[in-house]
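Not measured: the values here are computed from a predicted model.
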Amino acid sequence: GESVGLHLPTLSVQEGDNSIINCAYSNSASDYFIWYKQESGKGPQFIIDIRSNMDKRQGQRVTVLLNKTVKHLSLQIAATQPGDSAVYFCAENMGYGGSQGNLIFGKGTKLSVKP
Amino acid sequence: GAGVSQSPSNKVTEKGKDVELRCDPISGHTALYWYRQSLGQGLEFLIYFQGNSAPDKSGLPSDRFSAERTGGSVSTLTIQRTQQEDSAVYLCASSQLPGTEAFFGQGTRLTVV
């Protein structure tokens, strides 16, 4: 029978290694992107954002890369820790104004950190 | 309050009954979003409010779903004649402006039995 749900892709990394989570976004007109972390039973939590006039932005242990040519976004986590285990979502937003402001989420990637 | 508040945190209802879910956004935030998340799934966009503009209802799955935002602040998502497939976590988020960081509430877990 037809599957009615999708299993989230899973990334398994060793504690201390770097993690790279990828996301393909859908709309070439999107000009603002956010990465969220969601732990079990909680709402999504903001990690880092980037606007389309940039191709890289760094935070604490995290870096977001944006490739507008291929509509690709990635999140790099340095020295991954067990507390980083969660589901990570990218979101795209068409920016300021009117009906173009809604925030659309990607499917998510489950990050599992092995001690 | 300091963050986005949703109530109730859990709701169990019988099939066919109507339910109302409430969202209190962060004070001063003009944009408000509702999403639905089924177990182990991503966030499905439902509806988006921005200031006094007409809401973007393009994500509402059926006419049993409706939402309103009174006074540009509190929002209520109403599901009429609930069905078992409506069981999910309903998440609300707000942002100061569209195209800026959106903050999420903890969600309302709806179970239709």
Next on the checklist: Under 4.5 Å from any heavy atom of chain B, what part of Gln38(A) do you find: side chain, backbone, both or neither?
Outcome noted: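 Contact with chain B involves the side chain of Gln38(A) alone.
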Checklist entry - Considering only heavy atoms, which portion of Tyr36(A) lies under 4.5 Å from any heavy atom of chain B: side chain, backbone, both, or neither? => result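 When you check distances to chain B, only side chain atoms of Tyr36(A) fall under 4.5 Å.
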Next on the checklist: Within this structure, what is the CZ-OG distance for the pair Phe46(A) and Ser95(B), rounded to the nearest 0.5 Å?
Outcome noted: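 With rounding to 0.5 Å, CZ (Phe46(A)) is 11.5 Å from OG (Ser95(B)).
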Over all heavy atoms of both residues, which pair between [X] and [Y] is shortest? Give the atoms and the distance, please.
X	Y	answer
Ile34(A)	Ala102(B)	CD1-N, 4.2 Å
Tyr33(B)	Asn93(A)	OH-ND2, 3.9 Å
Phe45(B)	Leu103(A)	CD1-O, 4.5 Å
Phe89(A)	Gln37(B)	CZ-NE2, 3.6 Å

Item to check | Leading residue by heavy atom contact count with chain B [cutoff under 4.5 Å; candidates Gly43(A), Gly41(A), Pro44(A)] | outcome: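 So the answer, after comparing Gly43(A), Gly41(A), Pro44(A), is Pro44(A).
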Structural part of [X] lying under 4.5 Å from a heavy atom of chain A:
X	value
Gln6(B)	neither
Ala31(B)	neither
Tyr35(B)	side chain
Leu91(B)	side chain

Look at atom [atom1] of [X] and say whether more than 12 heavy atoms of other residues, nucleotides or ligands are closer to it than 6.0 Å.
X	atom1	value
Asn52(B)	CG	no
Glu44(B)	CD	yes
Gln60(A)	CD	no

Checklist entry - Does Phe104(B) have its ring centroid less than 6.0 Å away from the ring centroid of Phe105(A)? => result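 Centroid separation for Phe104(B) and Phe105(A): below 6.0 Å.
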